[in-house]
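Notes to accompany the following structure.
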Amino acid sequence: MLGVLAVVLVALSPSFGRAEPSGEYRPPLPPDALTTGCYPLPDGVELDFSYQVRTDGDVRGRRQLVIQYNLIDRDEALRAVVRSFTNAGFAVDTRAAAPPGDEGAVRTFALARDEETVTGRVIPMDPLTDDQIVRGTIELSLPVVARQSDDAVCFDVESTKRFSEAEQ
């Protein structure tokens with residue numbers, strides 16, 4: 001009798017409190033901070049390389065945007081980010097306080113369009129392994145932009161990457 005009861009319990013056990021497999025094992029990811037329209041890049045600028053936004057915020061009258069680039073090296077990341085801005089009408093800023101150039105492994109640039117100025121630093125990760133996806137960081141100093149929408153996503157720090165100082 002005990003054996004029959006054990007067989008019945010084993011046979012019915014999948015229906016007692018077990019979750020049905022859904023195939024959805026990843027949590028929902030927040031949208032890309034630069035594509036929501038909440039805090040856009042300057043008009044016409046679109047980044048055409050793989051990246052993720054780490055932080056975005058306003059510091060001393062400038063927007064400080066930090067992104068990480070993937071699967072390309074430092075020099076290609078520099079060319080790609082500069083190309084993204086020059087395609088939107090920016091050019092090398094001859095008025096920049098420090099000329100673009102090299103600071104060891106770090107590459108710097110300064111661009112302008114009318115009165116808008118953009119400066120940046122491309123910083124490779126070191127050491128870097130062959131199988132590493134994230135290859136470095138790009139720090140951008142941009143004109144401040146106001147929130148462009150009252151959509152709920154624009155108030156979500158996980159989406160905008162506009163963390164308070166305590167969260168950084």
Side-chain angles (χ1 to χ4, degrees), residues 29-168:
L29 296 175
D32 175 358
L34 298 180
T35 62
T36 61
C38 299
Y39 296 93
L41 290 171
D43 191 38
V45 176
E46 293 182 26
L47 302 180
D48 63 353
F49 55 93
S50 177
Y51 68 90
Q52 53 278 340
V53 175
R54 299 300 297 156
T55 62
D56 187 359
D58 301 333
V59 179
R60 293 185 292 281
R62 296 287 292 171
R63 178 181 181 188
Q64 304 300 316
L65 176 63
V66 178
I67 63 176
Q68 291 178 321
Y69 58 91
N70 304 326
L71 302 174
I72 55 178
D73 67 20
R74 177 205 57 209
D75 293 336
E76 179 55 29
L78 175 63
R79 286 189 297 272
V81 72
V82 168
R83 180 177 57 242
S84 295
F85 282 90
T86 57
N87 287 345
F90 284 80
V92 172
D93 187 0
T94 56
R95 305 165 298 177
D102 302 343
E103 301 171 4
V106 176
R107 299 292 181 263
T108 62
F109 60 92
L111 305 167
R113 177 177 67 185
D114 300 323
E115 296 303 311
E116 291 179 290
T117 61
V118 175
T119 59
R121 296 171 11 116
V122 180
I123 308 159
M125 289 192 162
D126 184 31
L128 187 63
T129 62
D130 291 339
D131 62 343
Q132 196 166 325
I133 294 173
V134 175
R135 301 296 175 97
T137 301
I138 300 173
E139 297 173 349
L140 295 170
S141 175
L142 305 152
V144 170
V145 63
R147 187 180 61 246
Q148 302 293 302
S149 170
D150 287 331
D151 190 296
V153 73
C154 296
F155 294 92
D156 177 7
V157 296
E158 294 300 322
S159 294
T160 64
K161 304 301 183 188
R162 289 182 161 252
F163 305 106
S164 69
E165 286 186 32
E167 296 170 309
Q168 293 183 11

Checklist entry - At what distance, to the nearest 0.5 angstrom, does SG of Cys154 lie from CZ of Arg162? => result 10.5 Å
Checklist entry - In this structure, which one of Val118, Leu34, Thr55 forms a side-chain contact (heavy atoms from CB on, under 4.5 Å) with Leu65? => result Leu34
Checklist entry - Are more than 12 heavy atoms from other residues, nucleotides or ligands located less than 6.0 Å from atom CZ of Arg54? => result no
Checklist entry - CD/Gln52 to CG/Asp32 distance, rounded to the nearest 0.5 angstrom? => result 9.5 Å
Next on the checklist: Using only atom types and a distance under 3.5 Å, with no angle test, would you say the side chain of Arg74 pairs donor to acceptor with the backbone of Ala105?
Outcome noted: yes
Checklist entry - Rounded to the nearest 0.5 Å, how far does CG of Leu142 lie from CD of Glu116? => result 9.0 Å
Checklist entry - Is the number of heavy atoms from other residues, nucleotides or ligands under 6.0 Å of Asp48 CG greater than 12? => result yes
Item to check | Shortest non-hydrogen contact between Pro124 and Tyr69, atoms and distance | outcome: CA-OH, 3.4 Å
Next on the checklist: For Asp73, is there an ion pair with Arg135 - N to carboxylate O distance below 4.0 angstrom?
Outcome noted: no
Checklist entry - So, is the end of the Arg63 side chain (NZ or CZ) under 6.0 Å from the ring centre of Tyr39 and within 45° of the ring's axis? => result no
Checklist entry - Looking only at heavy atoms, what is the nearest atom pair of Thr129 and Asp131, with distance? => result OG1-OD1, 2.8 Å
Item to check | Spacing of Ile138 atom CD1 and Tyr51 atom OH [to the nearest 0.5 Å] | outcome: 10.5 Å
Checklist entry - Between Arg113 and Ala88, is there a donor-acceptor pair closer than 3.5 Å when you use the side chain of the first and the backbone of the second? => result yes
Checklist outcome for this item: CG (Asp150) and CZ (Phe155) are apart, to the nearest 0.5 Å, by 5.0 Å
Checklist entry - If you take all heavy atoms of Ala33 and Ser159, which pair is closest and at what distance? => result CB-O, 2.9 Å
Checklist entry - So how far is it from Thr108 OG1 to Ile123 CD1, rounded to the nearest 0.5 Å? => result 10.5 Å
Item to check | Residue from Val45, Thr86, Leu47, Leu111 passing side-chain contact (heavy atoms from CB on, under 4.5 Å) with Val81 | outcome: Leu47
Item to check | Thr36/Thr160 under side chain to side chain contact (heavy atoms under 4.5 Å, CB included): CA gap, chis, key distance, verdict | outcome: CA-CA 8 Å; Thr36 61; Thr160 64; 5.7 Å; no
Item to check | Residue pair Asn70 / Ser50: nearest heavy atoms and the distance that separates them | outcome: ND2-OG, 2.8 Å
Next on the checklist: Could you check whether any side-chain N or O of Arg62 sits under 3.5 Å from a backbone N or O of Ser141, counting only pairs where one atom can act as donor and the other as acceptor?
Outcome noted: yes
Item to check | Side-chain donor or acceptor of Glu46 paired with backbone N/O of Gly44 under 3.5 Å | outcome: no
Next on the checklist: Around atom CD of Glu76, are there more than 12 heavy atoms from other residues, nucleotides or ligands closer than 6.0 Å?
Outcome noted: yes
